[in-house]
Amino acid sequence: MSIVAVGLKNLVSTDCRARSLSASAATAPQPLLDAIGNPRLAAVHAREVQGAKVHQAAYQAQLRKMAQE
């Protein structure tokens, strides 16, 4: 869990996509949605990355098989 800090001036003058927030582990201000995180979105991205790795491995195997022929 992150600690998110924001001044009211920054919150009122920007929307949730503006880089006006600081999370405890961040090195620079982040947009609100990035600062608070989204575990479901992170899980979707992780599944997409895993699927791409599986697809790439299958493609590489197909290329190796074609090169042997």
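Below, all heavy atoms of this structure are taken into account, side chains as well, without hydrogens, waters or symmetry copies. Computed from a predicted model, the values in this text were never measured in an experiment.
In this structure, Leu63 belongs to a hydrophobic cluster whose other members, linked by side-chain heavy atoms under 4.5 Å apart, are Tyr59.
Partners of Lys65 by side-chain contact (heavy atoms from CB on, under 4.5 Å), not counting sequence neighbours, listed by chain and number: Glu69. Under the side-chain contact (heavy atoms from CB on, under 4.5 Å) criterion, Arg40 pairs with Asn38, sequence neighbours left out.
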